[in-house]
Amino acid sequence: MPKTSSTLIKKSLSKLDPCPIFIGGKWTVPKTSKTTSVYNPSTGQVIAETPMCGADLVDQAVQDAQRAFADWSETPPVERARILFRYKMLLEDEFESLAKSISREHGKNLVEARGDLRRGIEVVEYACGIPELLKGEVLENVARGIDCEMVRQPNGVCVGICPYNFPALVPMWMFPLAIACGNTFILKPSEKVPLTGIRLIELLQKAGLPPGVLNVIHGGRECVDALLKHPLVRAISFVGSSPVAKYIFETGNQHGKRVQAAGGAKNYVFVLPDADFGNSVNGLVDAAFGCAGQRCMAGSTAVTIGKAAERLLDPLSKAVKSIEVGPTDREHGQRMGAVISSQHLDRIKGLIDSGVKQGASLVVDGRKVQVKAEPNGFYLGPTIIDRVQTGMEIAKEEVFGPVLNIMRFDDLEAAIEMANGTPFGNGACIYTQSGKAAREFKHRIKAGMVGINVGVPAPLAYFPFSGWDYSFFGDLHLQGKEAILFFTRAKVTTTRWFRFGEGDIWHKE
Ligand code: NAD
């Protein structure tokens with residue numbers, strides 16, 4: 001009987017063995033002395049060990065994916081869609097247990113974990129329409145008697161390298177569309193949260209995906225470098241921090257790969273004095289503290305104009321002080337969970353300290369929050385820092401934790417100028433009742449994803465996830481039609497046939 005990843009994971013958990021890789025349709029636990037611990041952030045306990053694979057296992061995975069490409073790329077799109085349709089049904093059947101897996105290894109609460117998975121399933125639903133999405137173009141008589149057609153063909157072996165903060169959604173941004181387009185794929189989940197990704201692929205195997213079409217490998221820089229440089233890899237999708245995204249983009253390009261690399265962010269939430277303050281407070285709390293601030297779309301800075309700060313601070317502080325912090329792996333309420341690791345916790349606390357030292361004022365201080373039920377969990381309470389100035393470390397760095405900066409400006413013009421002068425360009429939003437201000441903001445703000453009277457909005461599966469500047473390296477974004485273009489290449493055929501009856505004699509025979 002073939003081993004499933006679940007049986008191997010159960011074995012792993014009891015002994016804290018490495019978690020399995022998936023090559024050529026088989027799950028195996030690689031023998032390697034190098035591992036990274038996977039924690040349950042709610043308790044601080046190690047729940048698994050991720051094997052850090054090197055170039056030898058990467059080569060096996062790539063060779064296998066290359067072999068599988070020959071048949072998979074010839075499989076009719078509608079047959080590929082049927083497998084994805086079965087996959088979608090299996091994901092729905094396992095929805096709650098997958099959400100619990102996300103919550104356990106990441107620390108986000110179950111409501112957030114369900115959102116992580118639901119948005120991923122929406123990409124699978126979009127990918128089920130692949131016969132329509134893959135249609136090409138044709139024009140008769142580009143010159144007399146000459147026709148031209150364009151079809152899109154798959155790239156070959158594609159790779160996905162993922163961050164820790166969306167254990168389901170980010171891998172699902174990548175592999176469903178890649179395989180729907182006829183590519184084979186190698187998934188490298190984050191070494192900090194590999195367990196949900198393994199389960200996602202086990203379900204795809206159950207849905208009938210042929211061996212070798214999707215492979216899973218684990219590791220860090222050594223593994224990633226081997227993928228980036230392997231001659232048979234054609235395209236790389238990456239999501240993670242900006243310095244690594246830049247490195248992936250440059251190294252991948254040097255080795256002739258097509259690369260899309262989404263990076264970090266610093267997203268601004270503008271609040272004008274005429275805003276609906278109830279709506280703004282709710283939006284800000286959700287944007288800044290959802291998933292304990294560990295989202296590339298976190299609204300980490302409130303940019304207040306004129307008297308908006310005075311009107312905002314009281315209700316905002318009240319709302320933030322009422323946020324309950326605690327373990328998310330048992331009572332699945334809407335409490336805010338822990339951050340990913342003790343190192344990350346220390347880094348965030350260090351950034352808060354630096355803000356205070358550089359003259360910002362703490363309105364709500366989450367550094368001393370203690371969760372008695374779980375003293376070893378990686379907890380930080382929600383924090384608000386007011387009067388943050390451009391140039392402070394906390395204003396420049398992506399904090400990636402439950403910390404909201406407040407910056408004050410006299411007018412919209414100066415605030416837009418500040419936001420547009422920073423390197424990132426992921427998302428931004430504005431709360432106002434002025435159509436004129438909203439229009440000005442939408443048109444001029446330097447960000448690829450913009451919200452008006454909604455928190456920093458992550459676009460749905462049929463739109464591109466369209467970061468700019470230091471938040472994205474490449475041309476074609478993840479999700480939507482841009483993803484279809486990324487995972488295929490165009491072939492244009494120009495055909496000339498002489499007119500029926502001209503030049504040939506066969507029709508007379
Ligand atoms: P990370 O950059 O540390 O790691 C991402 C991936 O890169 C992991 O798989 C890791 O193994 C690999 N990696 C790490 N260092 C590497 C190196 N030196 N060389 C090669 N590979 C390396 O990111 P993270 O901490 O896991 O995730 C958080 C970051 O991801 C944040 O910056 C967040 O904004 C960003 N993110 C961006 C988006 C987006 O759409 N723009 C979405 C989610 C997360």
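First listed ligand is number 1; within each ligand, the first listed atom is number 1.
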Participant: In ligand 1, which numbered atoms sit nearer than 4.0 Å to a non-hydrogen atom of V224?
Facilitator: 20 (C), 21 (N)

Participant: With a 4.0 Å cut-off on heavy atoms, is F166 touching ligand 1?
Facilitator: no

Participant: At less than 4.0 angstrom from any non-hydrogen atom of W173, what atoms of ligand 1 do you find?
Facilitator: 40 (O)

Participant: Would you verify that at least one protein heavy atom lies under 4.0 Å from atom 4 (O) of ligand 1, or report that none does?
Facilitator: no

Participant: How about R367 and D353: do any of their side-chain heavy atoms sit closer than 4.5 Å?
Facilitator: yes

Participant: Does an N or O from G263, backbone or side chain, lie closer than 3.5 Å to an N or O of ligand 1?
Facilitator: yes

Participant: Going by the atom numbers of ligand 1, which of them fall below 4.0 Å from some non-hydrogen atom of K188?
Facilitator: 9 (O), 11 (O)

Participant: Which residue holds the protein heavy atom closest to atom 35 (C) of ligand 1, what is that atom called, and what is the gap in Å?
Facilitator: G240 O, 3.1 Å

Participant: What atoms of ligand 1 come closer than 4.0 angstrom to any heavy atom of V239?
Facilitator: 5 (C), 36 (N), 37 (C), 38 (C), 39 (C), 42 (C), 43 (C), 44 (C)

Participant: Tell me whether the guanidinium CZ or amine NZ of R221 lies under 6.0 angstrom from the six-membered ring centre of Y247 and within 45° of its axis.
Facilitator: yes

Participant: Dump the intermediate steps for side-chain hydrogen bond (donor to acceptor under 3.5 Å, both in side chains) on E105 and T196, then the final yes or no.
Facilitator: CA-CA 8 Å; E105 66 180 337; T196 307; 2.5 Å; yes

Participant: Just to confirm my output: which protein heavy-atom neighbour is closest to atom 27 (O) of ligand 1, and how far is it?
Facilitator: P163 CB, 3.2 Å

Participant: Looking at Y126, is K481 sitting on its ring face, NZ or CZ under 6.0 Å from the six-membered ring centre and within 45 degrees of the normal?
Facilitator: no

Participant: Which residue supplies the protein heavy atom nearest to atom 18 (N) of ligand 1, what is that atom called, and how far is it?
Facilitator: R221 CD, 3.7 Å

Participant: Between Y39 and S342, is there a side-chain heavy-atom distance shorter than 4.5 Å?
Facilitator: no

Participant: So F249 and F473, would you call those rings parallel, tilted or perpendicular, with 30° and 60° as cut-offs?
Facilitator: tilted

Participant: Could you identify the single nearest non-hydrogen protein atom to atom 26 (O) of ligand 1 and state the distance to 0.1 Å?
Facilitator: Y164 N, 3.1 Å

Participant: Counting non-hydrogen protein atoms only, what is the nearest one to atom 28 (C) of ligand 1? Give residue, atom name and distance.
Facilitator: F400 CE2, 3.5 Å

Participant: Give a yes/no on ligand 1: does F238 have at least one heavy atom closer than 4.0 angstrom to it?
Facilitator: yes

Participant: I'd like to check which ligand 1 atoms, numbered from 1 as shown, lie under 4.0 Å from a non-hydrogen atom of G219.
Facilitator: 11 (O)

Participant: Considering only the protein, which heavy-atom contact is closest to atom 22 (C) of ligand 1, and what is its distance?
Facilitator: V244 CG1, 3.6 Å

Participant: Run the side-chain hydrogen bond (donor to acceptor under 3.5 Å, both in side chains) test on D59 and Q63 for me, step by step, so that the C-alpha distance in whole Å, both residues' side-chain angles and the decisive distance to 0.1 Å come before the verdict.
Facilitator: CA-CA 6 Å; D59 184 53; Q63 298 290 353; 3.2 Å; yes

Participant: What residue and heavy atom of the protein are closest to atom 39 (C) of ligand 1, and at what distance?
Facilitator: C296 SG, 3.3 Å

Participant: T36 vs E191, test: side-chain hydrogen bond (donor to acceptor under 3.5 Å, both in side chains). Steps then yes/no.
Facilitator: CA-CA 7 Å; T36 292; E191 64 277 25; 5.6 Å; no

Participant: Please determine if S241 has a nitrogen or oxygen closer than 3.5 Å to a nitrogen or oxygen of ligand 1.
Facilitator: yes

Participant: Using modelled atom types only, decide if a donor and an acceptor are shared between the side chain of S471 and the backbone of F424 within a distance under 3.5 Å.
Facilitator: no

Participant: Answer yes or no: is there a donor N or O on one side and an acceptor on the other, between the side chain of N183 and the main chain of P154, under 3.5 Å?
Facilitator: no

Participant: Between V193, V244, V170, which is the residue that forms a side chain to side chain contact (heavy atoms under 4.5 Å, CB included) with P163?
Facilitator: V170

Participant: When the aromatic ring centroids of F472 and H477 are compared, is their separation below 6.0 Å?
Facilitator: yes

Participant: Are L214 and T184 packed together at the side-chain level, in the sense that at least one heavy-atom pair is separated by less than 4.5 angstrom?
Facilitator: no

Participant: Do T301 side-chain atoms and N405 backbone N/O form a donor-acceptor pair below 3.5 Å?
Facilitator: no

Participant: Are any of the N/O atoms on E398, whether in the backbone or the side chain, positioned under 3.5 angstrom from an N/O atom of ligand 1?
Facilitator: yes

Participant: So if I count the atoms of ligand 1 from 1 in the order they appear, which ones are less than 4.0 Å from some heavy atom of A262?
Facilitator: 39 (C), 40 (O), 41 (N)

Participant: So is there a nitrogen or oxygen of C162 less than 3.5 Å from a nitrogen or oxygen in ligand 1?
Facilitator: yes

Participant: Can you check whether E191 has an N/O within less than 3.5 Å of an N/O in ligand 1?
Facilitator: yes

Participant: Please check whether N165 reaches ligand 1 - meaning an N/O of the residue sits under 3.5 Å from an N/O of the ligand, judged on distance alone.
Facilitator: no

Participant: At what distance is the nearest protein heavy atom to atom 40 (O) of ligand 1, and which residue and atom is it?
Facilitator: F465 CE2, 3.1 Å

